[in-house]
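We name chains A, B, ... by the order of the sequence lines, and we start the count at 1 in each one.
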Number of protein chains: 2
Amino acid sequence: MTKQEIGEKLRQRRKLLRLRQRDLAELAGVTLRGLTDLERGEANPTVNQLAKILDVLGLEFRVVERSAHAPS
Amino acid sequence: MTKQEIGEKLRQRRKLLRLRQRDLAELAGVTLRGLTDLERGEANPTVNQLAKILDVLGLEFRVVERSAHAPS
DNA sequence: GTGAAAAACGCATTATGATGCGCTTTTCTG
DNA sequence: CAGAAAAGCGCATCATAATGCGTTTTTCAC
C-alpha cells in the first residue's frame, strides 16, 4: 500500500465511524495537523504514530507477501 | 502486529534469502544500525524506512481490520 | 576451543517527523 | 447564497528517528 492508499483508507474508515479529524486526532493522541497530513498521504509517519490512529479505527497493519492480494 | 513481531518476520525472511544484515541494509538503502534495531523490535521506524526494507524482501505492509486473522 | 564473521550496542551528530499556532480554503447546512 | 464547521496548510520549534563510528558480544565454521 502506498501512503496515499493508507491515507484514503483511514479517511474512509473515519467517515464510516462519523468522526471528525479533530475528534479522531484527540482519541488517538496525535495532533490534528499530523492526522490531516496523514490522510492526504503527505506524511511519512512512524509506525507508532500510525498505530495510534489505526487502533482507534479498529484497524491494524500487517506485513505480508507482496503478491498476496487483498480480500474483498 | 507488534514491532517485535515485525522485526522477527523481517529477520526470518532475510535468513530465508540468505542475506546478512549488512547486505540487506545496503540493498535497501538504510544503515546497518537502523536494520539491526528494527529486527530486534527496538525501533520506531518511519513507514518509508520500513517500506524500503520490505521492498527488498518481497514483502509489504497492509492496513486491515484488526480482527482479521493472518493466513497460514 | 580458537578465530573470524556477523550481529548488537553506546554515544554523538544529523535529518526529519510531530507539534503549535494561526490563517486560508473547502465543505456542509439551513 | 450566507454563515459556520471542517479540513488544509505555511512556518517556526521541539522531539525523535536515522546515521556514523567504534567497541563489544554473539554466532558459527573449522
Side-chain angles (χ1 to χ4, degrees), chain A residues 1-68 70 72, chain B residues 1-68 70 72:
Chain A
M1 290 180 91
T2 65
K3 280 181 294 199
Q4 284 76 9
E5 290 172 331
I6 292 171
E8 199 44 49
K9 184 138 194 169
L10 295 199
R11 178 164 296 183
Q12 287 175 8
R13 184 76 174 185
R14 175 174 61 80
K15 300 224 159 176
L16 195 69
L17 299 175
R18 309 234 185 243
L19 287 171
R20 291 176 300 172
Q21 289 181 334
R22 175 153 37 112
D23 297 329
L24 173 54
E26 183 165 13
L27 287 169
V30 302
T31 60
L32 174 58
R33 184 56 196 274
L35 179 60
T36 64
D37 288 352
L38 181 53
E39 283 195 358
R40 285 178 303 106
E42 304 209 344
N44 177 24
T46 60
V47 167
N48 278 169
Q49 179 85 348
L50 183 56
K52 282 197 253 180
I53 296 165
L54 293 178
D55 198 47
V56 174
L57 295 176
L59 300 173
E60 69 173 3
F61 68 89
R62 201 171 282 166
V63 172
V64 297
E65 305 266 328
R66 197 190 301 132
S67 57
S72 60
Chain B
M1 290 180 92
T2 66
K3 280 182 291 197
Q4 283 77 7
E5 289 172 331
I6 293 172
E8 199 44 51
K9 183 139 195 168
L10 295 199
R11 178 165 295 183
Q12 286 175 9
R13 184 75 174 185
R14 175 175 61 79
K15 299 222 160 178
L16 195 69
L17 299 176
R18 310 234 184 242
L19 287 170
R20 292 175 301 173
Q21 289 182 332
R22 172 147 47 103
D23 297 328
L24 172 54
E26 183 165 14
L27 287 169
V30 301
T31 60
L32 174 57
R33 184 56 194 275
L35 179 60
T36 64
D37 288 351
L38 180 53
E39 284 196 357
R40 284 178 304 109
E42 303 208 345
N44 176 22
T46 60
V47 167
N48 277 169
Q49 180 85 347
L50 183 56
K52 281 196 253 181
I53 296 165
L54 292 177
D55 197 47
V56 174
L57 295 176
L59 299 172
E60 68 174 3
F61 68 90
R62 201 171 283 165
V63 171
V64 298
E65 305 266 329
R66 197 190 303 132
S67 57
S72 61

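Residues from residues 25-43 of chain B with heavy atoms under 4.0 angstrom of DNA chain C, sorted by number: B:R33, B:T36, B:R40. Contacts with DNA chain C (heavy atom under 4.0 Å) in residues 5-13 of chain B: B:R11, listed by number.
As rounded to whole Å, 10 Å separates atom C1' of C:dG17 from atom CG of B:N44. Protein atom CZ of B:R22 is 15 Å distant from nucleotide atom C1' of D:dC21, rounded to whole Å. Regarding A:L50, its CG atom lies at a distance of 18 Å from the P atom of D:dT16, rounded to whole Å. Between A:L24 atom CG and D:dA6 atom P the separation is 14 Å, expressed in whole Å. We find that CZ of B:R18 is positioned 19 Å from P of D:dT27, with the value rounded to whole Å.
At D:dA18, one or more side-chain N or O atoms of B:T46 fall inside 4.0 Å of OP1 or OP2 (strictly under the cut-off). Residue B:Q49 places at least one side-chain N or O under 4.0 Å from the OP1 or OP2 atom of D:dT19.
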List the steps, then state whether side-chain contact (heavy atoms from CB on, under 4.5 Å) holds for A:I53 with A:L27. CA-CA 8 Å; A:I53 296 165; A:L27 287 169; over 6 Å; no

side-chain contact (heavy atoms from CB on, under 4.5 Å) evaluation trace for B:R11 with B:K15: CA-CA 6 Å; B:R11 178 165 295 183; B:K15 299 222 160 178; 4.3 Å; yes

Run the side-chain contact (heavy atoms from CB on, under 4.5 Å) check on A:L10 and A:L50 step by step: do they pass? CA-CA 10 Å; A:L10 295 199; A:L50 183 56; 4.3 Å; yes

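Not one N or O on the side chain of B:R66 forms a donor-acceptor pair closer than 3.5 Å with the backbone of A:E60. Here the side chain of B:N44 pairs a donor or acceptor atom with the backbone of A:N48 at under 3.5 angstrom. Under the 3.5 Å distance criterion, the side-chain polar atoms of A:K52 are left unmatched by any main-chain donor or acceptor of A:V30. Side-chain atoms of B:Q49 never come within 3.5 Å of backbone atoms of B:T46 as a donor-acceptor pair (strictly under, hydrogens ignored).
The two residues A:L35 and A:Q21 have their closest heavy-atom pair at CD2-O, 3.2 Å. When all heavy atoms of B:V56 and B:A28 are compared, the closest pair comes out as CG2-CA, 3.7 Å.
Between B:R20 and B:N48, the residue anchored nearer the 5' end of DNA chain C, judged by the nucleotide with its closest heavy atom, is B:R20.
Salt bridge B:E65/A:R13: present, at least one basic N to carboxylate O contact under 4.0 Å.
Annotation: B:E8, atom CD; neighbour count of heavy atoms from other residues, nucleotides and ligands within 6.0 Å is above 12.
Here C:dA8 is the nucleotide among D:dA18, C:dA18, C:dA8 with the atom lying nearest to any side-chain atom of B:Q21.
Taking the C1' atoms of five terminal pairs at each end of the helix from C:dG1-D:dC30 to C:dG30-D:dC1, the two resulting helix axes are inclined by 80°, rounded to 10°.
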